[in-house]
Amino acid sequence: MESIGVFLPLIVVMGAFMFFASRRQRKAMQATIDLHESLRVGDRVHTTAGLQATIVGIADDTVDLEIAPGVVTTWMKLAIRDKITPEDLNEDADTPREISESDAIPD
């Protein structure tokens with residue numbers, strides 16, 4: 001009987017950890033589902049590969065992304081990481097970027 005009393009706090013702590021971990025995972029999954037449902041033609045997005053593109057077509061599980069004028073590629077919806085808002089575009093344009101030696105083109 002004493003062995004149950006020793007392990008009871010450990011079991012409670014592990015149960016609480018599993019509850020909060022699964023709750024956080026559910027929230028992240030719901031946020032991803034909400035993002036995919038909110039995608040519209042014309043939205044600017046980031047992919048999980050770091051590509052910035054504009055959505056030109058949407059199907060059930062795929063999106064057509066225009067990565068350059070006239071260049072359209074098809075991606076799975078799961079590859080869309082987030083939307084680019086106009087504020088994000090303005091911040092990128094306003095922040096000057098310092099060019100380092102590693103960015104230079106070798107001779």
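All figures in this text were calculated on a predicted structure; none of them were measured in a lab. For the single chain, residues carry numbers from 1 onward in sequence order. These numbers come from the heavy atoms of this one structure, side chains and all, not from hydrogens, waters or symmetry mates.
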**Complete:** Smallest heavy-atom separation, Arg81 atom then Leu35 atom, equals O-CD2, 3.4 Å
**Request:** Rounded to the nearest 0.5 Å, what's the gap from NE2 on His46 to CD1 on Ile80? Could you check?
**Result:** 10.5 Å
**Request:** Calculate, to the nearest 0.5 Å, the distance between atoms CD and OG1 belonging to Glu66 and Thr73 respectively.
**Result:** 9.5 Å
**Message:** Starting from Val45, can I reach Ile67 by hopping between I/L/V/M/F/W/Y residues whose side chains sit under 4.5 Å apart?
**Reply:** yes
**Request:** Give the cluster check for Val56 versus Met76: same hydrophobic cluster or not, with ILVMFWY residues linked at side-chain heavy-atom distances below 4.5 Å.
**Result:** no
**Least distance between heavy atoms, Asp43 atom then Ser38 atom** = OD2-O, 3.8 Å
Name each donor-acceptor pair under 3.5 Å that joins a side chain in residues 9-33 to protein atoms two or more places apart or in another chain, with its distance.
| unit_1 | atom_1 | unit_2 | atom_2 | d |
| --- | --- | --- | --- | --- |
| Ser22 | OG | Met18 | O | 3.2 |
| Ser22 | OG | Phe19 | O | 3.0 |
| Gln30 | NE2 | Asp34 | OD1 | 2.9 |
| Thr32 | OG1 | Ala28 | O | 3.1 |

**Prompt:** Just how far is it from atom CG of Asp82 to atom OG1 of Thr48, taken to the nearest 0.5 Å?
**Reply:** 10.5 Å
**Fill in**
Heavy atoms of Leu65 and Ala53 approach each other most closely as CB-CB, 3.7 Å
**Asked** Would you say Trp75 and Val72 are hydrophobically clustered, going by side-chain heavy atoms of ILVMFWY under 4.5 Å?
**Response** no
**Item:** Shortest non-hydrogen separation from Lys77 to His36 and the atoms involved
**Value:** O-NE2, 2.9 Å
**Message:** Looking at every non-hydrogen atom in both residues, tell me the closest pair between Ile58 and Ile55 and how far apart they are.
**Reply:** CG1-CG2, 3.6 Å
**Complete:** The reported gap from CG in Asp64 to OG1 in Thr54 (rounded to nearest 0.5 angstrom) is 12.5 Å
